[in-house]
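Here is the structure we will look at, set down as C-alpha cells.
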Amino acid sequence: MPELPEVENTRRYLVEIGLPGKTIALATIGWANTVKHPSLEDFVLDLPGGTIQKVARRGKYLLAPLDTGQTWVLHLGMTGGLRIHPRTQPPPAMVRHTVDFTDGTQLRFIDPRKFGHLWLVDDPAQATGKMGPEPLSEDFNDAALALVLSNRTAPIKALLLEQHIIAGLGNLYADDALYRAGIHPERPASGLSPEEISRLRNSIVQALEHSLSQYDQSRRDHWPDPPFGLSPWLIPRSPDAPCVRCGSGTMEQVKVRARTTFYCPVCQPPTP
DNA sequence: AGTACGTCCTGATCGC
DNA sequence: TGCGATCAGGACGTAC
C-alpha cells in the first residue's frame with residue numbers, strides 16, 4: 001500500500017543511495033503486464049543507455065527523467081518496493097524486475113502482487129494522467145479543496161482516494177486524515193462546511209508529514225537497507241479498538257466503495 | 001459528468 | 001493438520 005509518504009520515502013532513499021547519475025545497462029522484466037508503455041520489446045530496448053538526471057515524485061508516481069529526454073516512470077502499486085544493491089548481492093524475495101547500471105549496482109523491483117507499473121514516456125502525463133494538487137505544496141489550500149468537493153454527493157472518503165482530486169492519498173491516509181479531522185467518512189462531500197474543509201486539509205497535511213518524519217528517522221536508523229514496514233498511523237485499524245482520540249468511542253469498520261474504512265462514531269458523527 | 005462496481009494479482013489469514 | 005475460500009486495495013475500464 002505505498003501511498004504518498006511511502007513513495008516519497010522511496011524517492012528519498014533512491015536519491016540518497018545515488019540513483020541520479022547512474023547509467024542504465026540492462027532492464028529485465030519478469031512480468032510483461034507491468035510495462036504499460038511502450039511495448040515490452042521497445043521498453044527493454046530503449047531504457048538502456050539512459051542516464052538518470054534526478055528522481056521526482058508526482059502523487060504516487062516516481063519520475064526519473066533521463067538524459068535522452070524521455071522519462072522513466074514507476075508506480076509501486078499496492079505491494080511494490082525498490083532497493084538498490086550491488087548486482088552480486090543476493091536479491092530479496094519477490095523481485096519481479098531488475099535494472100542493472102553500468103557501475104555494477106542493480107535496482108530490484110519487489111512486487112508480490114504484480115500491481116506495479118513501468119513506463120518510458122516523452123511526457124510524464126502520459127503515465128500519470130490528470131493529477132490533483134500535491135497535498136504538501138502551496139497549491140493545496142482551502143479554496144482549492146472546497147472547489148473540487150463542491151457539488152459532489154459521493155462520500156468524502158471516496159473522493160479523497162481520487163488522484164485527480166488530491167494526488168497521493170490512499171486508503172490508510174484517507175482514513176487517518178478524516179479521523180484527525182473528526183469527519184465521518186461517509187459524509188457527502190458537498191455537505192462539508194468551510195470550517196470542516198479547512199480542518200480536513202490541515203489533517204491531511206499533518207497525517208502525511210507525521211509519517212514522512214518517521215520514515216526519515218527509519219532510513220537513518222537502518223541505512224542502507226531500511227525496512228518496508230508501514231509507518232504507524234494515528235487511527236486504530238481494528239474493529240472495536242478503543243479510540244485514542246476521544247478515549248470513549250470504539251472503532252467501527254465499514255466498507256466505503258469496497259475499501260475497508262475505520263472511524264470513531266463519537267469523534268466522527270454521521271451528521272455535523 | 002458523476003457515481004458505482006468489476007478486474008487485475010498472489011501472499012497471508014481464516015474456517016472447517 | 002491440511003486445504004480451499006476469503007481478504008487486501010491502486011488505478012483503470014465499463015455501465016448506468
Side-chain angles (χ1 to χ4, degrees), chain A residues 1-11 29-37 40 57-63 73-82 91-97 108-119 121 124-132 134-135 145-178 185-192 204 207-208 211 227-233 235-240 251 253-263:
Chain A
M1 301 140 236
E3 305 180 28
L4 189 154
E6 289 73 34
V7 178
E8 176 63 18
N9 179 42
T10 301
R11 189 193 72 79
I29 301 299
W31 182 248
N33 290 352
T34 299
V35 176
K36 303 297 281 185
H37 184 89
L40 174 60
R57 181 188 58 75
R58 183 76 173 97
K60 301 175 200 170
Y61 294 84
L62 288 166
L63 312 174
V73 182
L74 305 89
H75 194 291
L76 301 176
M78 293 205 324
T79 57
L82 301 173
M94 301 295 167
V95 172
R96 304 296 190 190
H97 323 287
R108 281 92 185 253
F109 194 137
I110 299 139
D111 188 14
R113 284 168 68 181
K114 303 178 178 173
F115 276 19
H117 292 301
L118 298 170
W119 298 256
V121 291
Q126 288 175 255
T128 66
K130 193 168 188 183
M131 300 287 281
E134 282 292 326
L145 185 57
L147 183 64
V148 292
L149 298 183
S150 62
N151 300 320
R152 301 291 300 262
T153 59
I156 180 62
K157 157 97 186 256
L159 296 192
L160 293 182
L161 297 179
E162 294 187 11
Q163 303 302 298
H164 61 94
I165 299 276
I166 306 169
L169 292 188
N171 198 44
L172 303 182
Y173 290 96
D175 273 9
D176 205 30
L178 289 165
E186 292 175 298
R187 295 264 310 276
S190 56
L192 299 185
I204 291 169
L208 297 175
S211 186
F228 282 113
L230 294 173
S231 143
W233 44 85
I235 182 172
R237 292 195 71 81
S238 56
D240 302 325
M251 303 305 293
Q253 178 177 348
V254 294
K255 291 274 188 187
V256 177
R257 291 265 246 270
R259 296 290 178 264
T260 302
T261 302
F262 290 94
Y263 70 97

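Chain letters run A, B, ... following the sequence lines, proteins first and then strands; every chain starts at 1.
- Regarding contacts with the backbone of B/dG11, every side-chain N or O of A/Thr79 stays at 4.0 angstrom or more from both OP1 and OP2.
- With rounding to whole Å, A/Glu6 atom CD is found 15 Å from C/dA8 atom C1'.
- Contact of the A/His97 side chain with the A/Thr34 side chain is registered, since non-hydrogen atoms from C-beta on lie closer than 4.5 Å.
- Contact annotation for A/Lys36: no contact, since no heavy-atom pair falls under 4.0 Å across all strands.
- Between A/Lys130 and C/dC12 there is no side-chain N or O to OP1 or OP2 distance below 4.0 Å.
- Between the CG atom of A/Leu74 and the C1' atom of C/dG10 there is a distance of 15 Å, given to the nearest Å.
- Atom pair A/Leu4:CG and C/dG10:P shows a separation of 13 Å (rounding to whole Å applied).
- Backbone-only contact: A/His75 has heavy atoms under 4.0 Å from sugar-phosphate atoms and none from a base.
- You'll find the side chain of A/Ile235 reaches within 4.5 Å of the side chain of A/Met251, heavy atoms only.
- For A/Asn33 and B/dC9, the shortest distance from a side-chain N or O to OP1 or OP2 is below 4.0 Å.
- Between the CG atom of A/Leu160 and the P atom of C/dA11 there is a distance of 14 Å, given to the nearest Å.
- The CD atom of A/Gln126 sits 18 Å away from the P atom of C/dA11 (whole-angstrom rounding).
- Residue A/Lys114 places no side-chain N or O under 4.0 Å from the OP1 or OP2 atom of B/dC8.
- For C/dA11, the OP1/OP2 oxygens have a side-chain nitrogen or oxygen of A/Gln163 closer than 4.0 Å.
- Ring-plane geometry between A/Tyr61 and A/Trp119 is classed as tilted, the angle between the planes lying from 30 to 60 degrees on a 0 to 90 degree scale.
- The separation between A/Arg113 atom CZ and C/dT6 atom P is 16 Å, rounded to whole Å.
- Closest-nucleotide positions on DNA chain B for A/Ala158 and A/Met94 were compared, and the one nearer the 5' end corresponds to A/Ala158.
- Taking atom CG of A/Leu76 as the reference point, atom C1' of C/dG10 lies 11 Å away to the nearest angstrom.
- Going from atom NE2 of A/His164 over to atom OG1 of A/Thr128 covers 12.5 Å, rounded to the nearest 0.5 Å.
- Comparing C/dA11, B/dT3, B/dG11 by their nearest atom to the side chain of A/Tyr61 picks out C/dA11.
- Checking A/Asn151 against A/Ser190 by side-chain atom types alone, no donor-acceptor pair falls below 3.5 Å.
- What separates NE2 of A/His117 from P of B/dT7 is a distance of 17 Å, to the nearest Å.
- Relative to the side chain of A/Arg152, the nucleotides C/dG10, B/dT10, B/dT3 differ in distance, and B/dT3 lies closest.
- At a cut-off of 3.5 angstrom, the base of C/dA8 holds no donor-acceptor pair with the side chain of A/Arg259.
- Heavy atoms of A/Ala258 sit nowhere under 4.0 angstrom from any nucleic acid atom.
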